[in-house]
Amino acid sequence: MSAVRPEEATSDAPAAADAELLSGGEMIIRALHDEGVEYVFGYPGGAALHIYDAIFKQQAVQHILVRHEQAAVHMADGYARATGRTGVSLVTSGPGATNAITGIATAFMDSIPLVVISGQVATDLIGTDSFQETDMVGISRPIVKHSFMIRSTEEIPEVMKKAFYIASTGRPGPVVVDVPKDVTDPTVRRPYRYPDSIRMRSYNPVARGHSGQIRKAVDLLFTARRPVIYAGGGVIQGNAEAALTELARELDFPVTNTLMGLGCYPATDPRFLGMLGMHGTYEANMAMHHADVIIAVGARFDDRVTNDPSKFCPDAKIVHIDVDPATISKIVPVEVPIVGPAEPVLRDMLALVRERLGEDPGLLDRAAHGKWHARITEWREAHGLDHDQRHRVAAGAPILPQIVVQALYRATNGEAYVTSDVGQHQMFAAQYYHFDHTRRWINSGGLGTMGFGLPSAMGVKFAYPDETVVCVTGEGSIQMNIQELSTCTQYGLPVKIVNINNSALGMVRQWQDMQYGGRHSQSTYQDSLPDFVKLVESYGHVGLRVTALEELDEVMAEVFSDRYRDRLVFLDVAVDPDEHVYPMAIKGGAMSDMFLSKTERS
Ligand SMILES: Cc1ncc(C[n+]2csc(CCOP(=O)(O)OP(=O)(O)O)c2C)c(N)n1
Ligand SMILES: [Mg+2]
């Protein structure tokens, strides 16, 4: 990410002479209002109390009281992922700030715009190991896009404006604003004027792609015989899904998505190959491996995609579109780099493609593309995912986790906002829930944070109270932030939770089965799990349980029935603990090297 040097910033803030006098605490909340912020997810404590008092005295910005600061940041994050707006959270100093760190790192790894405001001990106590002092700017430095320590009450409006600007522009990311208690002192009142805009000399995110590079990319596309579009989360963050879909359809190129990109191309479109990478589909990984031209957009060649980079897509010439120049050729060298936001770059490419095809419709090698699509269909028929597995299962056999996701897909007509935690259930959800729309699949891809699912679902539900929001979780992950069931009670948040309960840290267990001779070191705990139905009932929610396949569809439908429209429902489904996620990349191989089942490999 490009470095930001705030000392070079200038703002358009008008002269302060006729401005209203506010305390620092009031300024922070007023700035949030001026940014159009609806919700602040947070938890109070000593260093933040002046700010909390300012919250009490207004109605414009609603504060959501969580039960753990990690969850506050995940809620803001879920809100941001679903809406495209910047999420906000507020924590106190010391333990409040350190509890927020996992949430900040999660957002950082997935380029999610957040502003995290942390209380700090008073300026004269900083550096004295005073009560609840921690160096938040220092601790968070490697996992933020930028951070600010407020030095005076006067500078609050400008710093807040910059924080939102930096968080949401270019490659988005979390920004920390650390606020010493004395600068929010209610007796110190200073003029408040919120800047309309901000100019920062050292931070100028690119607005468009270079036209020469775009021309080169289009020239390359027309040489393709075996093309693939590889689209990631940057397409979603850059609101480029419509441009991407139009371009793919114009060219009739197949599309694969990263875990973070799911939904940016309609999953039910026949050109869609499914997810690629570690647990990607056979046809997506084979198509990538055999491609001659790849258009990578908003994707960063993560190791969960490339497997061994030296064996990655040996025949492919690659176009890489990314707003962050630092990601280009970082892992895999590319033929045509284009630095710029996905939307305008794809639009420019589309216009040029149309213009060139208008002049010469023979530019696309339709015959070669027809053969390529046929080859992909053969791969899919040979080893593609089975999207209706119920017929495979004998009566009385344990429920397969894939079938739970398939039942969820049907019960929600494929239209739900689905958040997940981390593990096998996450991969099954990514493989078997078909996202036709952007921003509906919300998960921690980069950091892989267990405990993300429930709070992020809550953030989505706050943003879209009338939409169906489901958290697909595992009995391991849900226990990492289960205390937020209480927050759901307080705010009457009717999220739905589907617990794919294999009584184990399933993904860990799978690796132990495959790589450690089946030695399940510290990955099982079946005798100590809570009765989830009773547990959620104790919070005032509805708990349902399914242990037999015959009951699954009916109970799943009940979860989403009108009867429970306004209730949080927790569905605990006992699934086969021995099931593995396949395909699975074979470590150190090419993308075409996959385990396809417990007994087959590609
Ligand atoms: C905070 C955190 N700790 C540890 C891990 C490592 N880890 C990845 S998946 C997993 C198991 C998750 O278990 P569960 O939530 O039950 O999901 P399952 O794999 O069984 O579907 C673990 C421990 C992690 N991703 N996040
Ligand atoms: Mg589990």
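Order of listing sets the numbers, starting from 1, for every ligand and every atom in it. Not measured: the values here are computed from a predicted model.
Around the Mg ion (ligand 2), the two atoms OE2 of Glu475 and O of Ala504 are separated by an angle of 70°, to 10 degrees.
Qualifying side chain to side chain contact (heavy atoms under 4.5 Å, CB included) partners for Asn257, counting only residues two or more places apart in sequence or in other chains: Ala231, Val255, Leu262, Cys264, Tyr265, Phe272.
For the residue pair Ser486 and Gln483, no side-chain donor N or O sits within less than 3.5 Å of a side-chain acceptor on the partner. For the residue pair Thr92 and Gln132, no side-chain donor N or O sits within less than 3.5 Å of a side-chain acceptor on the partner.
Here the shortest heavy-atom pairing between Val469 and Ala457 reads CG1-O, 3.4 Å. Summarising the geometry of Leu114 relative to Ala167, their closest heavy-atom pair is O-CB, 3.6 Å, with the distance given to 0.1 Å.
Of the listed residues (Gln402, Lys598, Gln424), just one forms a side chain to side chain donor-acceptor pair (under 3.5 Å) with Glu579, and that residue is Gln402.
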Output block, N or O contacts of ligand 1, threshold 3.5 Å exclusive:
unit_1	atom_1	unit_2	atom_2	d
ligand 1	15 (O)	Ser477	N	2.7
ligand 1	15 (O)	Ser477	OG	2.7
ligand 1	16 (O)	Glu475	OE2	3.0
ligand 1	16 (O)	Gly476	N	3.0
ligand 1	16 (O)	Ala504	O	3.2
ligand 1	17 (O)	His425	ND1	3.1
ligand 1	19 (O)	Gln424	N	2.8
ligand 1	19 (O)	Gly506	N	3.3
ligand 1	19 (O)	Met507	N	2.9
ligand 1	20 (O)	Asn502	OD1	3.0
ligand 1	20 (O)	Asn502	ND2	2.8
ligand 1	20 (O)	Ala504	O	2.9
ligand 1	20 (O)	Gly506	N	2.7
ligand 1	21 (O)	Gln424	N	3.3
ligand 1	21 (O)	His425	N	3.0
ligand 1	21 (O)	His425	ND1	2.9
ligand 1	25 (N)	Gly448	O	2.8
ligand 1	26 (N)	Gly448	O	3.4
ligand 1	26 (N)	Met450	N	3.4

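Distance check for Asn502 against the Mg ion (ligand 2): an N/O/S atom falls below 2.8 Å. Distances from the Mg ion (ligand 2) show that Gly506 has no N/O/S atom below 2.8 Å.
Using a 30° and 60° split on the angle between ring planes, Phe428 and Tyr432 fall in the tilted class, from 30° to 60°.
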